[in-house]
Amino acid sequence: MPHRKTSVAAAALLGLSLLAACGSGDAPESAAAPEAGAEEVILANGMTPKEQIDARQAHLKNYGKAFKTISDQLKSSDPDMAAIQTAAANLVSESEGMDTWFPEGSGPDSGVKTDALPAIWENPGDFSQQVANFQTEAAQLSEATKTDDVDAIKVAFGETGKTCKSCHETYRADD
Ligand code: HEC
């Protein structure tokens, strides 16, 4: 089918020339701009809103994983203490720098999908307090997991869970 072949080739050529047109920036300073078509919003920390939101969501997913591991083990009649200890340590290390994950411009107004509510930027003092409360409880949980005192671990786990819930109630959509 020679005719069809020709039009496919023509389409491919057209695609190539479009790519070429996009690739050749007119201004020299645009050479470093990575995402063609994306709005060039750069946050104060040098990240794009999408990079920042992706990064914090990845950390938060890991909170969820660590939390589920601990929860599952604490329900077991023979909890895997090593798994609990590792998960609690991960929760602490994942949460390092959490107070820097929500810079101005990384909320829903950025146009990037996020469950972070505008309330975060309306109440920065309270939000930071919630971060600090969580980090304190997570550190205590991690300390508790270094003992074999399952009851103490359960208490610390419950207190940590309250800080997740408290923050989500005010600052996270869909909860
Ligand atoms: C200081 C506030 C705060 C604390 C504390 C907090 N979170 Fe969140 N969490 C958020 C916000 C805000 C989002 C939405 C982030 C986004 O979409 O940009 C979120 C999102 C999440 C997500 C979804 C991530 C995704 O996009 O897939 C999980 C899972 C999660 N949190 C688990 C936890 C767990 C478990 C804890 C406690 C161990 C916790 N969070 C503590 C504020 C908090």
Side-chain angles (χ1 to χ4, degrees), residues 34-35 37-77 79-175:
E35 292 161 64
E39 278 185 51
E40 304 217 357
V41 176
I42 302 292
L43 304 173
N45 64 11
M47 295 170 106
T48 64
K50 179 158 171 29
E51 285 167 347
Q52 177 64 78
I53 291 167
D54 284 351
R56 77 178 171 231
Q57 288 179 341
H59 284 291
L60 288 159
K61 276 198 179 80
N62 289 335
Y63 286 20
K65 275 188 206 151
F67 225 60
K68 180 166 190 319
T69 298
I70 300 171
S71 166
D72 288 350
Q73 290 305 324
L74 289 177
K75 281 181 206 146
S76 148
S77 55
D80 179 342
M81 302 308 284
I84 291 177
Q85 193 173 327
T86 303
N90 287 346
L91 188 60
V92 170
S93 61
E94 283 294 329
S95 72
E96 268 169 31
M98 186 181 188
D99 54 348
T100 66
W101 300 349
F102 297 87
E104 285 289 347
S106 69
D109 289 353
S110 66
V112 181
K113 195 183 166 336
T114 170
D115 288 335
L117 292 175
I120 293 171
W121 294 274
E122 289 157 11
N123 310 285
D126 181 64
F127 185 74
S128 298
Q129 187 60 54
Q130 301 257 6
V131 171
N133 292 348
F134 157 71
Q135 287 174 326
T136 301
E137 295 301 339
Q140 283 181 11
L141 170 62
S142 183
E143 282 307 308
T145 63
K146 293 172 185 163
T147 71
D148 280 343
D149 185 343
V150 175
D151 288 336
I153 295 171
K154 281 184 177 164
V155 170
F157 179 71
E159 291 302 316
T160 307
K162 280 187 206 163
T163 65
C164 313
K165 193 164 185 290
S166 166
C167 187
H168 289 170
E169 272 169 5
T170 313
Y171 297 112
R172 178 188 176 191
D174 298 329
D175 199 55

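Just so you know, ligand 1 is whichever comes first in the structure, and atom 1 is the first atom listed for that ligand. Bear in mind that the values here come from a model prediction, so they are computed numbers and not experimental data.
- Inspection of the environment of atom 8 (Fe) of ligand 1 yields the following protein N, O or S atoms under 2.8 Å: His168 NE2.
- Between the CZ atom of Phe127 and the OH atom of Tyr171 there is a distance of 7.5 Å, given to the nearest 0.5 Å.
- The single protein non-hydrogen atom nearest to atom 12 (C) of ligand 1 is Tyr171 O, 3.5 Å, given as residue, atom name and distance.
- Gln135 places a side-chain N or O within 3.5 Å of a backbone atom of Ser95 that can act as its donor or acceptor partner.
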From CA spacing to verdict: side-chain contact (heavy atoms from CB on, under 4.5 Å), Met81, Ile153: CA-CA 10 Å; Met81 302 308 284; Ile153 295 171; 3.5 Å; yes
Candidate pair Gln140 and Thr136, rule side-chain contact (heavy atoms from CB on, under 4.5 Å), full reasoning: CA-CA 6 Å; Gln140 283 181 11; Thr136 301; 4.0 Å; yes
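- For ligand 1, the atoms closer than 4.0 angstrom to any heavy atom of Phe102 are 12 (C).
- Of all the atoms in ligand 1, the ones that sit under 4.0 Å from a non-hydrogen atom of Val131 are 1 (C).
- For the residue pair Asn133 / Glu137, no side-chain donor-acceptor distance below 3.5 Å is found, with atom types taken as modelled.
- Close approach of ligand 1 to Thr163 is summarised as follows: ligand atoms under 4.0 Å from at least one heavy atom of the residue are 5 (C).
- Ranking the protein heavy atoms by distance from atom 18 (O) of ligand 1 puts Thr114 OG1, 2.6 Å first.
- Annotation: Asp115 places an N or O atom under 3.5 Å from an N or O atom of ligand 1; distance criterion only.
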Could you go through Leu60 and Met98, starting from their C-alpha distance and side-chain angles, then the distance that decides it, and tell me whether this counts as side-chain contact (heavy atoms from CB on, under 4.5 Å)? CA-CA 10 Å; Leu60 288 159; Met98 186 181 188; 4.1 Å; yes
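- Between Glu51 atom CD and Arg56 atom CZ the span is 13.0 Å, to the nearest 0.5 Å.
- In terms of N/O distances under 3.5 Å, ligand 1 is not approached by Gln130.
- Looking only at protein heavy atoms, the nearest one to atom 5 (C) of ligand 1 is Phe134 CB, 3.4 Å.
- Taking 4.0 Å as the cut-off between side-chain N and carboxylate O, Asp115 and Lys113 count as a salt-bridged pair.
- For ligand 1, the polar-atom distance check finds an N/O of Arg56 within less than 3.5 Å of one of the ligand's N/O atoms.
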